[in-house]
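Numbering of residues begins at 1 and proceeds along the displayed sequence. Start at 1 and go down the list; that is how both ligands and their atoms are numbered.
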Amino acid sequence: MHKGEFVDYILQKSQKKPLLESVEVFAPANIALVKYWGKRNVELNLPTASSLSISLGDRGTKTRLSFSGDKKNHLIFNGEKIDRNTPFFCRVDAFFSLFKKGFQIETTNTIPTGAGLASSASAFASFTLALDQLLGWHLDKSDLSKIARLGSGSATRSLWDGFVKWEKGVREDGMDSYGVPLKNSLDELVVGLLIFDQEQKSISSREAMEITKNSSPLYSLWPDITEKALIKMQEALDLQNFDQLGQIAEKHALIMHSTMLTADPSICYSSPKTIEAMQKVWELRKKGLPLYFTQDAGPNLKLLFQKKNLGVVQQYFLGLSVI
Ligand code: PMV
């Protein structure tokens with residue numbers, strides 16, 4: 001099934017309420033605590049395993065959407081018109097072209113783009129929410145998350161606040177692969193962003209996933225390891241056990257990066273600063289501070305710790321940006 005057919009199928013359920021002239025929406029970024037890495041279907045962004053994330057409150061993407069009037073898509077990002085020949089424009093254009101109108105897309109990020117901070121997740125989630133309102137679909141959020149998924153896998157989880165699970169699904173057509181908000185909350189949890197590099201990543205996660213899946217000898221273990229990590233993570237949330245959450249999240253991120261390091265060619269998103277910060281976390285933990293990290297497709301780390309330790313963590317990591 002192609003993306004276009006997938007969209008037509010979902011939109012059969014949509015209402016066609018009168019169209020609005022312009023809408024403005026927001027979607028939060030999310031950080032995966034159990035990661036998504038690798039697709040069973042590249043066209044429809046269907047993952048080999050489920051994943052689980054926490055949304056980042058007011059850090060994300062704001063999008064204002066209207067009709068362009070000339071059947072083409074136009075993109076303004078953080079106040080600048082984006083050239084039609086850039087990979088960024090092409091990716092956004094490919095997504096909006098599925099809806100066969102022609103849009104004026106004005107989008108602003110409150111997080112660095114392309115540095116492994118899941119900005120594509122909030123971007124495609126916000127585009128989907130905006131389309132739903134502008135075109136009057138009134139779809140439920142699980143269907144919207146399937147549409148967001150076509151833009152970026154991690155966008156599947158960016159339609160909600162709090163903890164969200166992306167069910168991998170088993171169907172070939174991807175209709176059972178969508179986000180599910182969890183009832184759990186963990187008020188003491190703080191996510192801190194340790195930003196070393198705001199540059200675009202050296203290799204896109206899309207490409208890196210394919211290389212890893214096709215060449216790492218460790219990748220065959222990934223679905224099973226991830227399934228077990230999800231069970232332990234759900235247990236940690238149910239028991240409100242911060243340490244278990246941190247341990248599972250850190251280990252799962254390290255396993256994801258191990259599959260990349262052992263791919264051919266090797267993919268290494270870490271910089272010397274990343275490794276230095278990891279070692280600092282391990283040292284502080286040895287001294288009794290419950291502090292963990294996770295890392296996505298970029299050199300930056302996200303620290304996980306409890307509210308009561310905010311002061312001390314900030315002392316050790318100057319420039320930490322707290323969510
Ligand atoms: O949504 P994508 O294709 O950019 O993939 C994101 C993958 C990770 O951020 C590394 C992990 C995740 O689950 O978000």
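Counting atoms of ligand 1 from 1 in the listed order, those under 4.0 Å from a heavy atom of W37 are 10 (C). Close approach to D296 involves these atoms of ligand 1, each under 4.0 Å from a residue heavy atom: 8 (C), 9 (O), 10 (C), 11 (C). For ligand 1, the atoms sitting less than 4.0 Å from at least one non-hydrogen atom of M209 are 3 (O), 5 (O), 7 (C), numbered in the order shown with element in parentheses. Close approach of ligand 1 to G153 is summarised as follows: ligand atoms under 4.0 Å from at least one heavy atom of the residue are 1 (O).
A heavy-atom separation below 4.0 Å is found between S120 and ligand 1. Within the structure, the closest approach of W166 to ligand 1 does not fall below 4.0 Å when heavy atoms are considered.
Under the 30°/60° scheme for interplanar angles, the aromatic rings of F124 and F95 are found to stand perpendicular.
Residue nearest to atom 12 (C) of ligand 1, selected from R157, K39, R206: R157 (by heavy-atom distance).
The side-chain tip of K101 does not point at the ring of F67 from less than 6.0 angstrom away and within 45° of straight on.
Judged by distance alone, the side chains of T274 and Q295 never bring a donor and an acceptor atom under 3.5 Å apart.
When T262, T259, I211 are each tested for a side chain to side chain contact (heavy atoms under 4.5 Å, CB included) with I267, only one passes: I211. Across N30, I31, I323, a single residue satisfies side chain to side chain contact (heavy atoms under 4.5 Å, CB included) together with S55, and that is N30.
Distances between N or O atoms of K35 and those of ligand 1 include no value under 3.5 Å.
Within the 4.0 Å heavy-atom criterion, the part of A32 lying near ligand 1 is the side chain and not the backbone.
A salt bridge does not link K72 with D70: every distance from a Lys NZ or Arg NE/NH1/NH2 to an Asp or Glu carboxylate oxygen is 4.0 Å or more.
Once rounded to the nearest 0.5 Å, the distance linking OG1 of T156 with CH2 of W166 reads 4.0 Å.
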